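One structure below.
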Amino acid sequence: MFKKILIANRGEIAVRILRACRELGIKNVAVFSEVDRTAPHVRLADEAYSIGPAASRESYLRIDKLMDVARRTGCDALHPGYGFLAENPALPRACSDAGMTFIGPSAEAMEMMGAKTSGKQLARRSEVPTVPGTDEAIENPEEAQSLARSMGYPVLLKAIAGGGGKGMRVVPTDAEFAGAWRDAASEALNAFGDPRLFLEKYLIGPRHIEVQIFADAHGRVVSLGERECSIQRRHQKVVEEAPSPVVTPELRKKMGEAAVRLARAGGYTNAGTVEFLVDADLNFYFLEVNTRLQVEHPVTEQVTGLDLVKLQIAIAAGHRLPFAWEAITPRGNAMEVRLYAEDPDNNFFPSPGKILSRHAPTGPGIRLDEGVYEGYTVPLEYDPLLSKLIAWGNSREETIARLRRALDEYTITGIRTNVSLFRRILAEPEFLRGEFHTKWLDELLARPSPPATPPRPGTEDASVIAAALWHTTRANSAANVNRTTSAEPSRWKSQGRRQQLDRTP
Ligand code: ADP
């Protein structure tokens, strides 16, 4: 087993990984940027080292700095988490050059399966159905347009290097093609430095259902079942659950087998996720492979009883998977909501800042994977994910009841959060019936929101009053010191508008 692991990430996922290290008795090393000096992952780690300024390209994206810390501290393995460098083949290569183990797939498997178009090619070769469209970049927009005409509208333009919904445009009609192509290509160039696009048939109202796979270095590949991730805002997941309300044992088996086939064909090892779109007739189509741990991995952990991070570490250390995939059947239901520092009343604009008070929910069936604490200042430089609230229950109904109860208990003051979004989703009859698709939430949000419910008496009242008092005192003293500051726009807002946030996948 490893002696010391470098955690090349921040926030809740860095905390999640170092907890696994602690339980395994492995020493861990955290890295942090200037603004993360007091972050939870730094406080909890055995050792922590500064790797530069706040901008992630000067710190968390610097392979040379990560390798330097790893060498100086004697780490024998590196866990990349998700986001940042997690899907960059240069990181496993640098690890192997430094004689360290990368906790994830090989650089080659990452290249072949992680890129959207080569992943689709592999899926086709493995007889896994793919979304109709091209599986390579189209250089010439005229050629793309004539393909779109023959395929029939609507079509979807996608960036080869895409992620996080960037460089993606739905084209409803032929007349809109040229403009959409220009927009998608320039967005892709800005976000990824690569303007190349490919084309897919735009499926109407599909579900996003993904399969968690694991593969060891001894040839065993398993599926740990599916996660339903159709509750998305602008193509970004916000609620995930396992199992999916529409997946039958037969479909689970078919999707699991397809995912395993693909992983075998790609020579894949460690944890991966095979994403599918599923239509109303329960036909499934390969979308892409995520060659890393997913944000939403806890729902799989809750229904399988497995610790996926410990499993990743064990497999990277050369251990065998201790079970066959037929042995895994989900137990109960789990659901996760992604709590962000963002303002649902202001178009979900990021709302970083200091957390004045916080009460975390506990009790039966509740898990909170968190990257913040009371008094912590959420930096504006990164993805504003605060925590993932996960509920488990014997049935979907019990899980939802627990999640609602936990959301009522959860209070954070000083910053805006998207808690109200989840209260709204969890009250919708269609959601409760499991009847939704990937555009369902966007459609819901386009309708006027119901009147806000008055705050419950109790801790919330007290913390709201405390926060208001704190703000007033601070505003008054600021006004006394320098009267001109009150007329300036919020620094968070103006910086936030300029800043390109590193959204988690
Ligand atoms: P990214 O890597 O940028 O997140 P994905 O390919 O994973 O992009 O797709 C993200 C989401 O976009 C999907 O979950 C789904 O909601 C939507 N989507 C992607 N491809 C299609 C398609 N061909 N038809 C309909 N919706 C799609």
Side-chain angles (χ1 to χ4, degrees), residues 82-83 86-88 110 113-123 128-135 137-138 144 147-148 151-172 180 183-185 187-192 194-211 226-241 244 246 255 259 272-281 283-292 294-296 338 383 436-445 501-505:
Y82 56 67
E87 291 182 277
N88 187 333
M110 205 183 255
M113 296 180 70
K116 283 182 196 289
T117 41
S118 57
K120 278 185 92 171
Q121 291 162 15
L122 186 70
V128 173
T130 57
V131 179
T134 64
D135 52 18
I138 314 171
L147 247 164
M151 212 186 277
Y153 287 93
V155 297
L156 184 64
L157 299 176
K158 276 187 176 179
I160 293 263
K166 291 204 183 90
M168 206 150 90
R169 286 289 182 287
V170 182
V171 193
D183 289 352
E187 192 174 295
L189 181 65
N190 283 336
F192 315 110
D194 181 352
R196 287 175 304 154
L197 304 176
F198 68 107
L199 191 68
E200 269 178 8
K201 178 82 191 157
Y202 183 66
L203 304 183
I204 305 293
R207 299 178 84 108
H208 173 121
I209 300 178
E210 58 187 33
V211 175
E226 82 284 358
R227 290 183 287 260
E228 165 78 64
C229 308
S230 302
I231 304 298
Q232 303 180 351
R233 200 178 73 79
R234 299 187 182 161
H235 304 305
Q236 303 239 18
K237 302 161 188 171
V238 294
V239 180
E240 303 96 352
E241 61 179 299
S244 160
V246 296
M255 291 178 79
T273 295
V274 184
E275 297 189 331
F276 295 101
L277 292 181
V278 178
D279 69 17
D281 298 321
N283 298 306
F284 61 90
Y285 305 92
F286 169 83
L287 194 58
E288 66 169 339
V289 182
N290 288 143
T291 56
R292 53 168 164 80
Q294 297 274 88
V295 178
E296 58 273 21
R338 298 189 188 190
D383 181 286
F436 46 75
H437 51 77
T438 52
K439 294 305 286 175
W440 178 84
L441 180 58
D442 289 329
E443 288 167 14
L444 180 75
L445 291 175
L501 292 161
D502 295 307
R503 265 279 188 194
T504 49

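The model shown is predicted, which means the values in this text are computed figures rather than measured ones. Just follow the structure's listing: the first ligand is 1, and inside any ligand the first atom is 1.
Of the inter-residue distances, the one linking Leu441 atom CG with Lys237 atom NZ reads 14.5 Å to the nearest 0.5 angstrom. Going from atom CD1 of Ile231 over to atom CG of Leu444 covers 9.0 Å, rounded to the nearest 0.5 Å. Taking OH from Tyr285 and OG1 from Thr130, the interatomic distance works out to 9.5 Å, rounded to the nearest 0.5 Å. Between His235 atom NE2 and Leu156 atom CG the span is 6.5 Å, to the nearest 0.5 Å.
Between the side chains of Tyr82 and Asn290, no donor N or O sits under 3.5 Å from an acceptor N or O. When only modelled atom types and interatomic distance are considered, Gln232 and Arg234 share no side-chain donor-acceptor pair under 3.5 Å.
Atom 7 (O) of ligand 1 has as its closest protein heavy atom Glu288 OE2, 2.7 Å. The protein heavy-atom contact nearest to atom 26 (N) of ligand 1 is Tyr202 CE1, 3.7 Å. Residue, atom and distance of the protein heavy atom nearest to atom 24 (N) of ligand 1 are Leu203 N, 2.9 Å. Scanning all protein heavy atoms for the shortest distance to atom 9 (O) of ligand 1 gives Leu287 CD2, 3.9 Å. Ranking protein heavy atoms by distance to atom 17 (C) of ligand 1, first place goes to His235 ND1, 3.5 Å. For atom 2 (O) of ligand 1, the nearest protein heavy atom (residue, atom name, distance) is Lys116 NZ, 2.5 Å. Here the protein heavy atom with the shortest distance to atom 27 (C) of ligand 1 is Leu277 CD1, 3.7 Å. Looking from atom 19 (C) of ligand 1 to the surrounding protein, the closest heavy atom is Lys158 NZ, 3.4 Å.
A salt bridge links Lys120 to Glu200: at least one charged side-chain nitrogen sits closer than 4.0 Å to a carboxylate oxygen. Checked for salt-bridge contact, Glu241 and Arg227 miss the test: no charged N lies under 4.0 Å from a carboxylate O.
Close approach of ligand 1 to His208 is summarised as follows: ligand atoms under 4.0 Å from at least one heavy atom of the residue are 13 (C), 14 (O). The contact set between ligand 1 and Lys201, taken as ligand atoms under 4.0 Å from a residue heavy atom, comprises 22 (C), 23 (N), 24 (N). Heavy-atom proximity to Gly165, at under 4.0 Å, picks out these atoms of ligand 1: 1 (P), 3 (O), 4 (O). If you number the atoms of ligand 1 from 1 as listed, the ones under 4.0 Å from a heavy atom of Thr438 come out as 16 (O). The Val131 neighbourhood of ligand 1 comprises atoms 23 (N), with distances under 4.0 Å to a heavy atom of that residue.
Heavy-atom proximity to atom 15 (C) of ligand 1, evaluated over Arg207, Glu275, Gln232, Met168, is greatest for Gln232. Among Leu156, Thr130, Val155, the residue whose heavy atom lies closest to atom 18 (N) of ligand 1 is Leu156.
The shortest side-chain heavy-atom distance between Glu210 and Cys229 falls under the 4.5 Å cut-off. The shortest side-chain heavy-atom distance between Leu199 and Leu157 falls under the 4.5 Å cut-off.
If you look at Lys237 next to ligand 1, there are no close heavy atoms at all, none under 4.0 Å. Proximity of Lys439 to ligand 1, defined as any heavy-atom pair under 4.0 Å, is not found for any part of the residue.
The minimum heavy-atom distance between Ile160 and Ala137, with the atom names listed, is CD1-CB, 3.5 Å.
Below 3.5 Å of separation, one finds an N or O of Gly164 facing an N or O of ligand 1.
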